[in-house]
Amino acid sequence: MNSTEFLRAKAEGRKLSMVTCYDYTFARLLSKSPIDGILVGDSAAMVMQGHPSTLSASTELMRLHTEAVVRGAAGKFIVADMPFLSFRKGLAAALDSASILMVAGAHAVKLEGVDGHEDVVQRMVQSGIPVMGHIGLQPQSVHAYGGFRVQGRSRDSGQNIVRQATALEELGAFAIVLECVPANLARDISAGLRIPTIGIGAGAGCDGQILVLQDLLGMNRDFRPKFARPFLDGERCVLEALASFDQAVKAGTFPALEESYS
Ligand code: KIV
């Protein structure tokens with residue numbers, strides 16, 4: 001997959017699957033999977049670093065996670081997130097930050113929103129950097145919303161999201177993440193665009209879907225947003241494995257002879 005194949009997939013009516021990934025071990029597993037694309041999301045700040053929002057992600061953090069994923073998932077299409085404010089401090093600063101992520105091995109970058117940084121999106125596209133948009137709930141604006149809330153429920157807010165989607169397509173974005181918007185709105189936006197929409201909490205009418213890998217694997221039973229279907233009870237699997245190890249150590253059955261050097 002690559003950014004132009006994303007467009008072809010939409011034209012041919014093929015759905016796209018994406019997951020987030022932040023580390024080498026999972027990237028290696030993803031490279032053996034049929035998943036179409038990997039997002040090195042700034043959700044790394046929450047999922048990997050335990051912060052309450054994505055605001056703590058820096059370009060340096062994203063570089064380190066991007067490099068780890070690139071080492072594990074050679075051959076996969078990798079998009080790296082531009083962190084909070086990194087694309088709002090002027091064109092040169094935005095290009096410097098994007099350059100760090102692309103040199104780290106990303107094949108594209110993702111930016112939240114569009115209003116006020118149209119020039120950044122356009123210059124990146126003109127510079128050969130595929131740009132993925134991200135509208136609807138923009139987690140970097142969590143404090144402006146007063147929490148992680150569904151966006152686009154009112155007529156005005158829905159129309160605003162439609163306008164942003166159109167603007168991103170016109171500026172040359174190759175795809176758009178639609179996060180936490182009503183399914184009808186996401187379906188209408190998807191139908192009106194040439195570029196694919198990748199939904200998260202945006203219903204089945206999007207051209208593809210993305211989930212945070214740890215949510216998909218059910219690694220945290222205490223965090224279950226409505227849209228995040230766990231495809232595995234990862235928390236239970238991991239806890240069972242740890243309990244088995246603990247029991248074997250304490251019973252003296254681990255390590256066995258064949259797990260020891262003569
Ligand atoms: O950082 C992230 O995980 C994301 C997804 C929610 C799309 O941006």
Side-chain angles (χ1 to χ4, degrees), residues 3 6 15-23 26-27 30 35-59 61-66 68-69 73 76-87 97-98 101 104 106-114 130-142 145 147-152 161 164-165 168 173-181 186 189-190 195-203 206-217 219-220 223-230:
S3 58
F6 263 49
K15 294 262 189 191
L16 292 157
S17 62
M18 290 189 74
V19 293
T20 66
C21 183
Y22 322 103
D23 69 299
F26 274 124
L30 286 175
I35 295 291
D36 293 312
I38 295 176
L39 171 69
V40 186
D42 60 352
S43 50
M46 302 172 78
V47 180
M48 292 284 107
Q49 312 284 334
H51 291 290
S53 75
T54 58
L55 271 58
S56 310
S58 61
T59 301
L61 184 84
M62 296 310 298
R63 179 182 72 79
L64 289 169
H65 284 298
T66 301
V69 170
K76 281 288 178 192
F77 179 57
I78 299 171
V79 183
D81 245 338
M82 298 277 300
F84 180 55
L85 295 186
S86 63
F87 47 94
S97 186
L101 300 177
H107 306 115
V109 297
K110 175 165 81 58
L111 286 76
E112 290 184 14
V114 60
V131 171
M132 178 179 254
H134 182 160
I135 53 177
L137 192 161
Q138 299 167 35
Q140 292 170 8
S141 300
V142 60
Y145 304 138
F148 293 99
R149 300 194 201 297
V150 174
Q151 301 295 308
I161 297 172
Q164 290 173 52
L168 280 164
F174 74 92
I176 300 176
V177 167
L178 283 180
E179 179 164 355
C180 288
V181 296
I189 291 174
S190 306
I195 60 174
T197 57
I198 310 294
I200 176 163
C206 295
D207 303 303
Q209 298 291 328
I210 182 166
L211 280 178
V212 168
L213 182 57
Q214 282 72 4
D215 294 346
L216 180 163
L217 297 177
M219 299 305 276
N220 184 353
F223 181 70
R224 286 273 165 95
K226 181 182 169 83
F227 58 80
R229 184 194 301 177

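Order of listing sets the numbers, starting from 1, for every ligand and every atom in it. The figures here come from the full heavy-atom set of this structure, side chains too, leaving out hydrogens, waters and symmetry mates. Bear in mind that the values here come from a model prediction, so they are computed numbers and not experimental data. Numbers for residues simply follow the sequence, beginning at 1.
Under the rule for a side-chain contact (heavy atoms from CB on, under 4.5 Å), the partners of Ala27 that lie at least two apart in sequence or sit in another chain are Cys21, Val69, Ala73. Residues passing the side chain to side chain donor-acceptor pair (under 3.5 Å) test with Gln138, sequence neighbours excluded: none. By the ring-ring contact (aromatic ring centres under 6.0 Å, His included) test, Phe84 pairs with no residue at all, sequence neighbours left out.
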Pairs of nitrogen or oxygen atoms, one from ligand 1 and one from the protein, closer than 3.5 Å: please tabulate them with distances.
residue, atom, partner, partner atom, Å
ligand 1, 1 (O), Asp42, N, 3.3
ligand 1, 1 (O), Asp42, OD1, 3.0
ligand 1, 1 (O), Ser43, N, 3.1
ligand 1, 1 (O), Ser43, OG, 3.1
ligand 1, 1 (O), Asp81, OD2, 3.1
ligand 1, 3 (O), Ser43, OG, 2.5
ligand 1, 8 (O), Lys110, NZ, 2.8

**Report entry** Evaluation steps, side chain to side chain contact (heavy atoms under 4.5 Å, CB included), between Met62 and Asp81
**Finding:** CA-CA 7 Å; Met62 296 310 298; Asp81 245 338; 3.8 Å; yes
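Considering only heavy atoms from C-beta on, Gln209 stays 4.5 Å or farther from Arg229 through its side chain.
Ring centers of Phe148 and Phe227: at least 6.0 Å apart, outside the cut-off.
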